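All remarks here apply to the structure that follows.
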Amino acid sequence: MKFNGKDITELLALNRRNFIKFMVGGAAGTALSPIPWKLADDVAIFSQNFPWVPVPPVGEFLYEKSVCTLCQGGCGIEVRKVDSRAVKIEGRNDYPVNPGGICPVGMGGLQILYDEGIRFTGPMKRVGPRGSGHYQNITWKEAISILTNRLVSLRSRGELASLAIVDGNPKGSTLSAMVERFGTAIGTPNYLRPQNADDTYRMAAGLMIGNNGPAAYDIENSDFILSFGSGLLEGWGSPGRVINAWGQWRKEGPQTRNIRIVQVESRASNTASKSDQWVAAIPGTETALALGLAHVIIKESLFDAKFIEEYSFGFNDWISEDGREHHGFKRIILEKYSPEKAAAITGVNKDDIVSLARDFASAKAPIALCGKGKGSLNGSLYEYMAIIALNSLVGSINRPGGLLVRDTLPLADLPDFVPDEIARKGLEAPRLDKAGSFKYPFAQSVLMNFSQAILEKSKSPIDTLLLFSANPAYTEPDGGAFSEAMKKIPFIVSFSPYRDESSVMADLVLPDHTYLEKMDDIIWPYGLQYPLYGLTQPVVDPVYDTRNTGNVIISLAKEMDGSVKAAFPWKRYEDVLKQRAKGLFESGKGLTRYKGSLPAWEQMRQGKEIKPDYDDFNKMWRNLKRGGLWYQPEFKYNNWDGVFRTVTGKFEFYSKQIEAVSKAMVLSDLGIHAHGDEAFMPHYESAHHSGEGTHYPLRMVPYEIINLANDRFPNPPYLKKTLFDNQLRKDESFVEINPKTAAEYGLKQGDRAYMLFSKGKVTVRVNLFHGAMPGVVYMLSGLGHEAYDDFSKGIGLNTNRIIQAGRDPLSGLPVWWETPVKLTKIY
Amino acid sequence: MENQEHSSGRAPKEGWVMAIIHLILSYYSNLITNPFKSGLAYFAVGLIGVLFVGWILFPLALYSHHQQPVDFSHAIHMDPDIVDGIEGDTDQEKCLYCHEFRDDGTFAGIPRLEKCTECHDDPEMPWGEDPREEQFLIEYVADEIEIPWYVYSRQPDCVYFSHIAHVKMGELECRTCHGDHHLTETLPAYKENRISGYSINIWGNNILGYKQNTWDRMKMDDCAECHSEKGHEENNACFVCHK
């Protein structure tokens with residue numbers, strides 16, 4: 001190209017050198033412009049603000065008071081909110097149960113409130129295969145009509161024995177009363193409850209004390225705590241209360257009291273490690289240890305002779321009305337449980353048994369505690385009886401710092417109603433789990449039998465299963481039997497707010513609010529020594545389209561006819577709560593405020609009379625709604641008149657109730673192998689694993705920790721981060737074994753091994769732990785979920801799926817604390 | 001030979017400084033007289049082009065503009081002849097009437113809808129004739145929807161700033177930091193940095209960070225500068241603001 005006769009390319013000198021000069025100019029310009037400097041700064045800020053970085057919301061700070069119901073502890077909580085968003089849960093200083101403290105699970109509660117992955121966002125109908133978690137949203141109207149149609153048709157066909165309800169709400173709570181009433185009004189005989197330590201305690205206390213009140217341990221006033229496996233630092237009772245009590249015991253300074261804590265447990269748990277004495281009895285032999293201690297106390301006449309003489313029955317030999325001679329508790333214990341014999345059974349040193357018994361009996365305010373771990377599963381009935389007997393021997397019953405006999409909360413009963421003809425017929429049918437029958441006379445529910453009955457038959461005898469606040473597919477220690485049984489049940493309805501193992505099997509879901517979204521009550525925190533009624537408050541508006549199950553039951557009843565409709569005359573659940581709370585007001589005494597200057601247990605100890613801090617019921621209810629609290633820190637110590645409501649009116653070492661039952665049944669059918677009078681008293685029954693001993697020489701024992709939920713509630717995901725890498729690494733669960741045992745099997749730290757049990761095998765990794773008893777394999781409970789979200793699903797192993805439960809004599813409940821297993825190294 | 005030695009050996013005694021000057025001049029005259037050939041033009045185009053982009057286009061492109069959902073007039077509300085509901089003897093007190101401190105001392109910042117509906121309580125009954133008020137009543141008051149205001153001066157999440165410490169204890173006036181915002185007829189667009197997401201008011205309107213007024217920029221150095229000026233150097237410690 002030409003310009004003025006010259007070549008343009010030559011004129012403009014478009015060449016490589018000039019292109020580079022252009023680039024250099026650009027580079028110099030860039031350096032002199034704000035682009036690189038500003039961009040560097042902005043990108044740095046951008047990298048600090050990734051969308052997944054948690055950021056506190058902006059708004060007004062609010063504090064709402066409520067009560068935690070994530071376990072039976074009932075700790076007071078304060079929820080910090082920014083506008084309508086809850087951001088933190090803390091313990092309340094103005095709540096008598098847990099002065100200021102709460103456990104890690106309670107603190108993590110917000111993670112199960114806001115996590116869409118683990119919650120149902122509204123009523124749903126299953127569309128995918130069972131367990132897949134594929135659901136379709138439906139309206140509440142539709143959900144209620146699907147369920148009522150099903151129930152109405154069952155009633156019209158008179159097939160009420162094929163309806164079952166599993167209710168995981170705490171015993172005595174209003175919601176549980178509503179569910180039971182609903183079942184009775186419809187007419188199903190199959191109202192079941194998963195059993196826990198409190199149920200076993202009530203069963204044992206019912207037999208010896210004749211009172212069905214809750215366990216009340218006056219631990220803060222004790223000076224010698226003999227804990228039979230209770231995980232005091234692992235979340236037993238109210239974690240906030242017990243850890244505070246531990247602090248009281250260990251207080252240093254001028255007020256130091258000489259308190260002794262003794263932990264009976266085969267594994268060196270946190271509680272065992274921090275107690276004054278750790279007594280490692282072979283799992284399942286605690287009864288023999290308790291009775292061995294009783295032997296020394298009786299032999300050396302260290303028992304409370306006055307109490308035994310005046311208020312007990314069956315201690316000495318006696319002759320019954322029919323002229324038969326009976327051997328008393330004293331004789332049997334002296335004959336059968338010498339320290340040598342107890343030592344042989346339990347593996348505890350004989351001299352330790354003798355000295356422990358002497359120390360325990362000579363303490364001023366000793367107490368022996370029942371329970372294994374947190375107490376979320378049942379205990380052994382005879383063991384609990386032996387521990388109660390031990391308390392009574394040293395005169396701890398109704399003494400300061402002892403085991404208190406208390407009545408249930410004075411809540412008003414719900415109005416009577418008469419089940420209609422259809423319901424009456426249904427209620428007459430036998431229960432599928434045989435609870436209350438001759439074979440299981442004292443158990444209120446035996447879920448093991450229930451699942452077994454379904455699995456045995458080709459067609460499930462249960463057509464419809466309703467699940468209320470329960471996750472038996474995960475929590476039942478039955479090797480997965482309940483979960484298998486669920487597969488055979490044609491129609492399952494879940495009221496759980498969470499996508500738990502049981503709910504993902506459901507065909508219809510009517511999700512409840514979580515505990516932070518609804519008003520509900522908590523009845524007597526487990527183990528507390530004074531009556532306390534807690535009322536939760538909705539601290540946030542419901543996050544999803546869920547409804548309070550109490551209200552849903554009322555709506556369901558309204559759609560039905562006959563006694564069902566008549567049994568639920570209320571408009572809303574709050575009216576029911578209010579109606580029951582009237583009984584508290586009518587008891588005449590009670591407080592609704594707690595200042596914290598004088599702990600409730602100390603107030604009780606001082607015997608100060610309480611003046612109610614309210615004048616009328618409405619004021620009390622207002623206070624209750626504001627503070628979530630009604631309590632009665634009052635007790636008549638050292639009083640035994642009219643306390644024992646047994647047949648004899650005394651504390652029964654020899655249970656007349658068991659005697660009565662034995663008339664209709666052969667004892668061995670109840671699982672009792674003892675003969676004669678011993679069968680009616682606390683005694684040791686060795687575990688019977690038919691010929692498995694040689695194939696499976698080790699025993700698997702699950703253990704619980706305070707920083708992992710293992711009950712029906714999901715685990716807050718952050719808590720997984722608190723596990724050690726010798727408990728869980730990636731998805732693999734570890735088992736703890738003693739280095740000695742490991743050496744026998746050629747196992748080293750971190751090795752992978754198969755753990756074989758009679759129904760299958762799992763892969764575990766090995767953690768060598770000197771605190772593990774040789775021959776025992778310990779496994780962390782609370783992992784291995786098959787549902788919820790990615791933080792829980794498929795992570796670790798669920799101990800309940802491995803447990804091959806034996807049966808506890810007399811109670812018929814599962815023996816989950818010793819499953820025969822074997823380890824083989826994987827090369 | 002001799003001649004050759006002379007020319008390639010030493011420079012003439014007077015000539016070598018001048019020779020260098022000549023050389024440079026001839027080189028630069030070549031640059032200027034023949035910019036294409038010398039490449040100066042290309043260098044300049046690169047330099048100026050990028051400077052133009054960097055100083056003019058880049059600051060414009062860096063921020064996205066958002067109009068506030070409601071075009072609120074501070075001027076109308078602060079004028080006692082038009083609105084008499086805003087109580088307060090001084091401008092400051094009037095500011096605090098809506099931008100109030102809560103009971104616990106925290107600063108509420110931008111008022112919530114309930115503050116507006118203290119006066120604008122009836123969606124059918126506007127107080128004035130301004131179409132902006134009508135739009136506000138229909139869209140927000142009628143359905144009780146909170147107005148999603150953009151906040152010009154919100155500090156990053158990691159910055160702790162207490163208004164009450166500055167206004168009550170430090171006795172600063174609102175305008176010291178926020179300027180004459182109370183006199184504005186209309187709300188300026190909220191400019192958000194496309195990369196960092198921060199408001200332009202934090203870095204400052206001027207891309208250089210050059211400022212004339214306190215409210216031109218609200219970065220850490222600005223806080224520190226004022227603290228130092230007022231003799232509160234102890235408040236320049238990291239943990240005072242970065243909690």
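The structure displayed is predicted, hence computed values, not measured ones. Atom set for the values below is all heavy atoms of this structure, side chains included, hydrogens, waters and symmetry mates excluded. A note on names: the letters A, B, ... follow the listed sequences, proteins ahead of strands, and every chain is numbered from 1.
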Crowded around [X] [atom1]? As in, over 12 foreign heavy atoms under 6.0 Å?
{"X": "B:Phe161", "atom1": "CZ", "answer": "yes"}
{"X": "B:Phe101", "atom1": "CZ", "answer": "yes"}
{"X": "B:His65", "atom1": "NE2", "answer": "yes"}
{"X": "A:Lys571", "atom1": "NZ", "answer": "no"}
{"X": "A:Phe791", "atom1": "CZ", "answer": "no"}
{"X": "B:Glu144", "atom1": "CD", "answer": "no"}
{"X": "B:Lys243", "atom1": "NZ", "answer": "yes"}
{"X": "B:Asp121", "atom1": "CG", "answer": "yes"}

Inset, instruction - Using heavy atoms and a sub-4.5 Å threshold, report which of residues 82-108 of chain A line up against chain B, by residue number. - result: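 Under the 4.5 Å heavy-atom cut-off, A:Asp83 qualify.
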Inset, instruction - Determine which residues belonging to residues 24-42 of chain A lie within contact range of chain B, meaning some heavy atom pair is under 4.5 Å apart, and list them by number or answer 'none'. - result: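 Listed by number: A:Val24, A:Gly25, A:Gly26, A:Ala28, A:Gly29, A:Thr30, A:Leu32, A:Ser33, A:Pro34, A:Ile35, A:Lys38, A:Leu39, A:Asp41, A:Asp42.
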Inset, instruction - Report the C-alpha separation of B:Lys37 and A:Asn18 in whole Å, then their side-chain angles, then the decisive distance to 0.1 Å, and conclude whether the side chain to side chain contact (heavy atoms under 4.5 Å, CB included) test is met. - result: CA-CA 8 Å; B:Lys37 213 152 210 163; A:Asn18 282 341; over 6 Å; no
Determine the option with the most heavy-atom pairs under 4.5 angstrom with chain A, choosing from [options].
{"options": "B:Phe107, B:Phe58, B:Phe52", "result": "B:Phe58"}
{"options": "B:Gly46, B:Gly109, B:Pro59", "result": "B:Gly46"}
{"options": "B:Asn193, B:Ile207, B:Asp104, B:Val45", "result": "B:Asn193"}

Note, [X] side chain near [Y] side chain (heavy atom, < 4.5 Å):
{"X": "A:Phe22", "Y": "B:Leu47", "value": "no"}
{"X": "B:Thr106", "Y": "A:Phe61", "value": "yes"}
{"X": "A:Ile45", "Y": "B:Ile195", "value": "no"}
{"X": "B:Leu40", "Y": "A:Lys21", "value": "no"}

Check whether [X] gets within reach of chain A through its side chain, its backbone, both or neither, counting any heavy atom under 4.5 Å.
{"X": "B:Leu208", "result": "neither"}
{"X": "B:Arg194", "result": "neither"}
{"X": "B:Tyr198", "result": "side chain"}

Legend entry - Separation of A:Gln48 CD from B:Asp157 CG (nearest 0.5 Å):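 Spacing of CG (B:Asp157) from CD (A:Gln48) equals 10.5 Å.
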Legend entry - Atom group of A:Val53 that falls short of 4.5 Å from chain B, counting heavy atoms: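 When you check distances to chain B, no heavy atom of A:Val53 falls under 4.5 Å.
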